[in-house]
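Presented below is the structure to which this report refers.
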Amino acid sequence: MKHLKLIVDNKKIKQSEFFSKKELKVIFDLYAEMVSCGQWKDYGLNLSRIQVSFNIYRNATEFPIYKITKNFRPKNKNDKYIVKDLHGNTIKSSENLENLIQKIKWKKSNLLY
């Protein structure tokens, strides 16, 4: 047992790759407000190695009308959080989730079917 060495490498420990509690609170506050207005009905979560997204549905059987996405390794710091519409077009992106959600006019959605 003389030749055993203890090696600790904290750099290899992964950070949590999901929404934090604070981020989820911001998203669920918006979700609760929109559900109470009758605009949104359901939600779902998608998780991959590069991002996690909170998908918002008008009805459970449709495609998501909005996707709030957190990129784990964004190429640009403004692309950390992205909101996309039904067609996959980027509405807004930001490095701050709270500011991003506040800047979008959620109740005036002009969705084309």
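Values below: every heavy atom of this structure, side chains too, minus hydrogens, waters and symmetry copies.
Taking OG1 from Thr69 and CZ from Phe19, the interatomic distance works out to 7.0 Å, rounded to the nearest 0.5 Å. Here the OH-CG distance, from Tyr31 to Leu24, works out to 13.5 Å after rounding to the nearest 0.5 Å. A distance of 11.0 Å separates CG of Asn55 from NZ of Lys84, quoted to the nearest 0.5 Å. Separating the CG atom in Asn78 from the CG atom in Asn96 is a distance of 10.5 Å, to the nearest 0.5 Å. Taking CZ from Phe54 and NZ from Lys67, the interatomic distance works out to 13.5 Å, rounded to the nearest 0.5 Å. Taken to the nearest 0.5 Å, the CE atom of Met34 stands 8.5 Å off from the CD1 atom of Ile56.
In this structure, Arg73 and Arg49 approach most closely via the heavy-atom pair NH1-O, 3.4 Å. The two residues Ile104 and Lys92 come nearest to each other via the heavy atoms CG1-CD, 4.0 Å. Considering all non-hydrogen atoms of both residues, Asp79 and Asn71 come closest at O-ND2, 2.6 Å.
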Begin from the C-alpha positions of Ile68 and Tyr43 and carry the test side chain to side chain contact (heavy atoms under 4.5 Å, CB included) through to its verdict. CA-CA 11 Å; Ile68 301 172; Tyr43 73 91; over 6 Å; no
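Environment of CZ in Phe63: sparse, with no more than 12 heavy atoms of neighbouring residues, nucleotides or ligands closer than 6.0 Å.
No path of Ile, Leu, Val, Met, Phe, Trp and Tyr side chains, each step under 4.5 Å between heavy atoms, connects Tyr81 with Ile50, placing them in separate hydrophobic clusters. No continuous path of ILVMFWY side-chain contacts below 4.5 Å connects Ile82 to Val26, so the two sit in separate hydrophobic clusters.
A 4.5 Å side-chain heavy-atom check between Tyr66 and Ile91 finds at least one atom pair inside the cut-off.
For the pair Lys70 (side chain) and Phe18 (backbone), a donor-acceptor distance under 3.5 Å is present. The main-chain N or O of Tyr57 is never found under 3.5 Å from a side-chain atom of Asp42 such that the two would form a donor-acceptor pair.
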